[in-house]
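Here is the structure we will look at, set down as structure tokens.
For ligands, and for the atoms within them, numbers begin at 1 and follow the listed sequence.
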Amino acid sequence: MDQISNKIGTLAIVVPCYNESEIIEHTISVLLKKLENLIDAALISSSSFLCLIDDGSKDITWSLIEKSIEIKSGKGNVSAIKLAGNVGHQKAMLAGMEYCGGKCDILLTTDADLQDDLSVLEEMLGEYYKGSEVVFGVRNDRRLDSWWKRNTANLYYHILDFMGVKTLKDHADFRLMSRKAVSSLSSFVESNIYIRGICVAMGFSNSIVYYGRQARIGGSPKYSLSKMFSLGWDGITSFSVFPLRLISLLGLFVFLGSLVVAVRIVYASIYLETTVPGWSSIVLPIFLLGGIQLLSLGVIGEYIAKTYIETKRRPRYLIDKVLDGVKEPHAE
Ligand code: UDP
Ligand code: MG
């Protein structure tokens with residue numbers, strides 16, 4: 001067991017927020033209350049804290065966060081980071097993890113809308129103290145999801161599985177990690193980071209805690225359809241080159257198929273003295289092959305685009321402001 005598991009650890013709760021002005025104050029008070037309860041139960045140290053990451057919100061989320069942080073009151077348990085622009089949930093979460101990683105022993109990532117059931121946090125901490133470096137929160141029902149979301153998610157997990165990508169079905173980003181696991185995550189330097197996949201692939205000792213997903217406490221979902229597709233595509237392309245292999249296989253299949261057809265045509269013209277001057281038999285393959293080629297080029301282009309983005313080595317996020325209201329951790 002890791003040495004820090006022998007004593008109660010400092011917990012950091014990392015919460016990415018984007019345009020959450022309707023709920024952020026409520027979320028802060030619920031999470032602070034939760035921290036207080038866990039401190040009282042001697043499950044975490046009194047230096048535990050909350051870290052909010054404003055992912056370039058366009059509404060008044062940041063000023064509400066600023067207002068909520070009582071730096072002068074000496075309570076010292078909330079810090080906040082304002083990112084320069086909207087970089088998306090994964091990178092915003094990463095910003096918080098990198099910022100808090102060195103200041104805590106245990107790190108929890110959760111959403112601002114409190115859809116993740118905090119009542120299982122005690123159980124998650126129990127798993128951590130038993131020796132798990134990563135504790136995955138896994139949803140045990142999807143009843144609150146729309147038909148579309150439930151089915152596309154299921155299909156997506158099947159596709160990932162088929163492509164040989166290791167995933168944990170129904171785990172999003174409700175996750176508790178040890179300091180070691182968080183600092184290991186920083187060695188994954190890719191721009192298009194798919195954190196939930198990396199945490200599974202890292203291979204540290206882990207456990208699962210099941211929870212029921214709650215309804216959003218207010219406001220509307222901030223994951224647009226295009227953001228969801230982009231996250232899904234990142235998940236595939238950052239872990240699998242299967243789509244590229246599929247193109248080669250498709251090419252081979254079409255090539256072998258056309259060889260058979262060619263032999264058949266030569267045979268027919270020599271021995272059967274019949275020709276097939278049909279318009280459709282000429283035009284259809286042109287469209288079919290043209291479509292396959294364009295699609296294949298598109299997939300190859302996607303991977304080239306990813307390589308291009310990665311070679312630029314641009315920062316994954318830029319920090320605009322930091323409000324650090326956290327006291328220096330002290331020995332328990
Ligand atoms: N979020 C973010 N940046 C974005 C979109 C979302 O930081 O560009 C945050 C959002 O504020 C919330 C979390 O990511 O805390 C999950 O978003 P949401 O609840 O909209 O996703 P869903 O629950 O629908 O998957
Ligand atoms: Mg949500």
Gln115 backbone or side-chain N/O/S under 2.8 Å from the Mg ion (ligand 2): yes
Lys149, portion touching ligand 1 at heavy-atom distance under 4.0 Å: side chain
Shared hydrophobic cluster, Ile65 / Ile319 (ILVMFWY, side-chain heavy atoms < 4.5 Å): no
Asp113-ligand 1 polar pair, N/O distance under 3.5 Å: yes
Check: Glu190 main-chain N/O paired with Arg316 side-chain donor or acceptor under 3.5 Å: yes
Donor + acceptor pair across side chains of Glu98, Tyr317 (<3.5 Å): yes
Test item: side-chain donor near acceptor, Asp324 and Tyr99, under 3.5 Å: yes
Which segment of Pro16 sits under 4.0 Å of ligand 1 when only heavy atoms are counted: both
Numbering as shown, the atoms of ligand 1 that approach Gly88 to under 4.0 Å (heavy-atom distance): 3 (N), 8 (O)
Proximity of Asp111 to ligand 1 by residue part, where a heavy atom lies under 4.0 Å: both
Partner of Asp116 by side-chain hydrogen bond (donor to acceptor under 3.5 Å, both in side chains), out of Arg213, Arg139, Arg175: Arg213
Ligand 1 contact on Gln90 by region, counting heavy-atom pairs under 4.0 Å: neither
Gln90 and Asp173 side chains, donor-acceptor separation under 3.5 Å: yes
From OG1 (Thr110) to CG (Leu31), nearest 0.5 Å: 7.0 Å
Distance filter under 4.0 Å to Pro221 heavy atoms, resulting ligand 1 atoms: 20 (O), 24 (O)
Polar atom proximity, Ala92 to ligand 1 (N or O, under 3.5 Å): no
Contact check, Arg216 vs ligand 1, heavy-atom distance below 4.0 Å: yes
Residues Lys67, Glu25: salt bridge by 4.0 Å N-O rule: yes
Nearest-neighbour protein heavy atom for atom 20 (O) of ligand 1, which is reported as residue plus atom name and distance: Lys222 N, 2.3 Å
Arg213 to ligand 1, any heavy atom closer than 4.0 Å: yes
Stepwise side-chain hydrogen bond (donor to acceptor under 3.5 Å, both in side chains) check, Ser45 with Thr10: CA-CA 5 Å; Ser45 90; Thr10 298; 3.0 Å; yes
Check: His89/Tyr18 side-chain N/O donor and acceptor closer than 3.5 Å: no
Structural part of Glu20 in contact with ligand 1, heavy atom criterion under 4.0 angstrom: side chain
Protein contact of atom 23 (O) of ligand 1 - nearest heavy atom, named by residue and atom, plus distance: Gln115 OE1, 2.8 Å
Pick from Met228, Lys227, His89: the one approaching atom 8 (O) of ligand 1 most closely through a non-hydrogen atom: Lys227
Per-atom contacts, ligand 1 versus Asn86 - under 4.0 Å to a heavy atom: 3 (N), 4 (C), 8 (O)
Lys91 versus Asn86, side-chain donor and acceptor atoms under 3.5 Å: no
OH/Tyr210: more than 12 non-hydrogen atoms of other groups inside 6.0 Å: no
For atom 4 (C) of ligand 1, closest protein heavy-atom neighbour: Asp55 OD2, 3.5 Å
Taking atom 1 (N) of ligand 1 as the reference point, the nearest protein heavy atom with its distance: Tyr18 CB, 3.7 Å
Heavy atoms of other groups near Tyr303 OH, more than 12 under 6.0 Å: yes
Shortest protein heavy-atom distance from atom 21 (O) of ligand 1, along with the residue and atom involved: Tyr223 CD1, 3.3 Å
N/O/S atom of Asp113 inside 2.8 Å of the Mg ion (ligand 2), strictly under: yes
Per-residue contact class, Val87 against ligand 1 - non-hydrogen pairs under 4.0 Å: neither
